[in-house]
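A quick write-up on the structure given underneath.
We count residues from 1, following the sequence as given. We count ligands from 1, going down the list as the structure has it; atoms in each ligand are counted the same way.
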Amino acid sequence: MTRYSRIAGTGSYLPPRRLTNADLVAELALQGIETSDDWIVERTGIRARHFAGPEVNASDLALQAARHALEAAGVAAAEIDLIIVATSTPDMVFPSTATILQHKLGIAGCPAFDLQAVCSGFVYALTVADAMIKTGTANKALVIGAEVFSRILDFTDRTTCVLFGDGAGAVVLEASDMPGILATDLHADGKHVGILCVPGTVSGGKVTGDPLLKMDGQAVFKLAVGVLEDAARATLAKAGRTTDDIDWLIPHQANIRIMQSTARKLKLPMDKVIVTVDQHGNTSAASIPLALDAAVRSGKVKPGDTLMLEGVGGGFTWGAVLLDY
Ligand code: UT7
């Protein structure tokens, strides 16, 4: 019998502090940074984002999202035999946020590791978990995207600080004799490292370089719209499906204009696209599982629906996962 991986439950968590564009505009104005609700909405579609408190780490957000996903799946934490956390804002340089989360979940023994592919992190992590389940290395995996991007934002740079938010999304992915994940397609091209990066690290007991996010927004935008169409088509071809088979497109939530452009290229109406960027901002690796969980809990995504998840971001990395929910 063919062994597949299938999503058994989803969960998410947003820290309680919610800033509307008006709230952020007012805070930035105090520092002499000028922006507006009109500019942010028109150029990005973002209306609000959540920021974690200073004492809250990625593993704390991941813990809440994981608990919700476990509950939805009817799976006990003790049954989990693989944890992958996609994050670019880990609790520490090491050990991984996944091991910290494992301990917070009250379990021990199963493999736990972080995966770093910036905003493509969740589709990368889902692809790795799918492969590990298909080969029998794992049976029940927690796959999580968790970010505290507010920590790495330069609040004197209006071109980036209005775009991002904090949050976490999780799925329980389990072995099944029914297909779940149908096909995956991952890519990276390191020549674009400089267009989206945090060019700092720790060395000799100090932070070296600049540990704040830098982005050439237009360069990222142009690359993103091209590769998202390619990844979707490649994934469909691998699965022997067509765009007509897609019930819901769940793209990385960075900018409504990128989502509209991708949908147009794939000839999908916007009412088949899950949009949460308006309420969450760009939460990097957390954005797709946050959007997925919102769509499941609102009743939009139903059992049996075919979903195309698509990520794109720093690296440059991109990829897609086609699945039957
Ligand atoms: O998660 C990883 C993937 N990331 C992305 O997908 C982000 C991709 N890029 C984007 O979403 C867009 O490029 C941005 C939203 C970042 C920028 O939108 P844009 O339409 O490319 O704007 P722009 O950078 O061309 O800037 C247009 C104008 C500039 O003024 P001038 O030079 O035309 O006078 C900026 O200085 O808008 C100005 N501007 C702002 N004005 C008010 C830039 N940021 C702001 C701001 N408020 N926050």
Side-chain angles (χ1 to χ4, degrees), residues 19-49 86-89 116-124 145-150 152-167 169 187-189 192-198 212-229 231 250-263 265 273 275-278 280-291 309-320:
L19 282 92
T20 63
N21 287 346
D23 297 330
L24 189 61
V25 168
E27 279 199 13
L28 292 171
L30 295 174
Q31 301 162 51
I33 307 296
E34 207 180 302
T35 183
S36 67
D37 175 53
D38 283 352
W39 190 94
I40 301 169
V41 172
E42 190 188 309
R43 300 288 176 132
T44 73
I46 297 167
R47 294 178 186 277
R49 76 286 293 140
T87 185
S88 301
T89 47
Q116 162 58 289
V118 201
C119 304
S120 310
F122 187 74
V123 291
Y124 264 67
E147 302 282 15
V148 279
F149 254 56
S150 58
I152 52 167
L153 295 179
D154 178 353
F155 284 97
T156 66
D157 175 9
R158 69 177 183 172
T159 69
T160 54
C161 73
V162 300
L163 305 175
F164 295 90
D166 301 339
H187 299 274
D189 184 348
H192 301 294
V193 164
I195 62 172
L196 178 48
C197 59
V198 177
L212 296 174
L213 184 146
K214 313 274 175 265
M215 179 167 74
D216 176 346
Q218 287 194 3
V220 173
F221 193 106
K222 278 184 204 138
L223 276 173
V225 289
V227 298
L228 287 173
E229 181 191 8
I250 310 186
H252 170 48
Q253 308 284 315
N255 186 319
I256 189 71
R257 292 186 293 139
I258 296 177
M259 289 185 249
Q260 287 162 341
S261 165
T262 307
K265 287 178 175 217
V273 182
V275 176
T276 51
V277 70
D278 55 333
H280 301 169
N282 181 347
T283 57
S284 193
S287 91
I288 295 171
L290 267 163
L309 314 185
E310 285 207 280
V312 62
F316 209 67
T317 55
W318 65 99

### Message
Once rounded to the nearest 0.5 Å, what's the spacing between atom CG of D166 and atom NE2 of H280?
### Response
12.0 Å
### Task
Output the distance between atom CD1 (I250) and atom CE (M259), rounded to the nearest 0.5 Å.
11.5 Å
Please list every donor-acceptor pair under 3.5 Å in which a side-chain atom of residues 26-37 meets a protein atom from a residue at least two apart or in another chain.
unit_1, atom_1, unit_2, atom_2, d
E27, OE2, R17, NH2, 2.7
S36, OG, W39, N, 3.0
D37, OD1, N21, ND2, 2.9

### Query
Among all residues two or more places apart in sequence or in another chain, which pass the salt bridge (charged side-chain N to carboxylate O under 4.0 Å, His left out) test with D189?
K191
### Query
Would you say H252 and L228 make side-chain contact, with heavy atoms under 4.5 Å?
no
### Query
Measuring from each atom of ligand 1, which residues have a heavy atom under 4.0 Å away?
T35, W39, R43, T44, C119, R158, T159, V162, L163, L196, M215, G217, Q218, V220, F221, H252, A254, N255, R257, I258, N282, V312
### Message
Under the rule for ring pair (Phe, Tyr, Trp, His ring centres under 6.0 Å), what residues qualify as partners of F164, not counting sequence neighbours?
### Response
F149
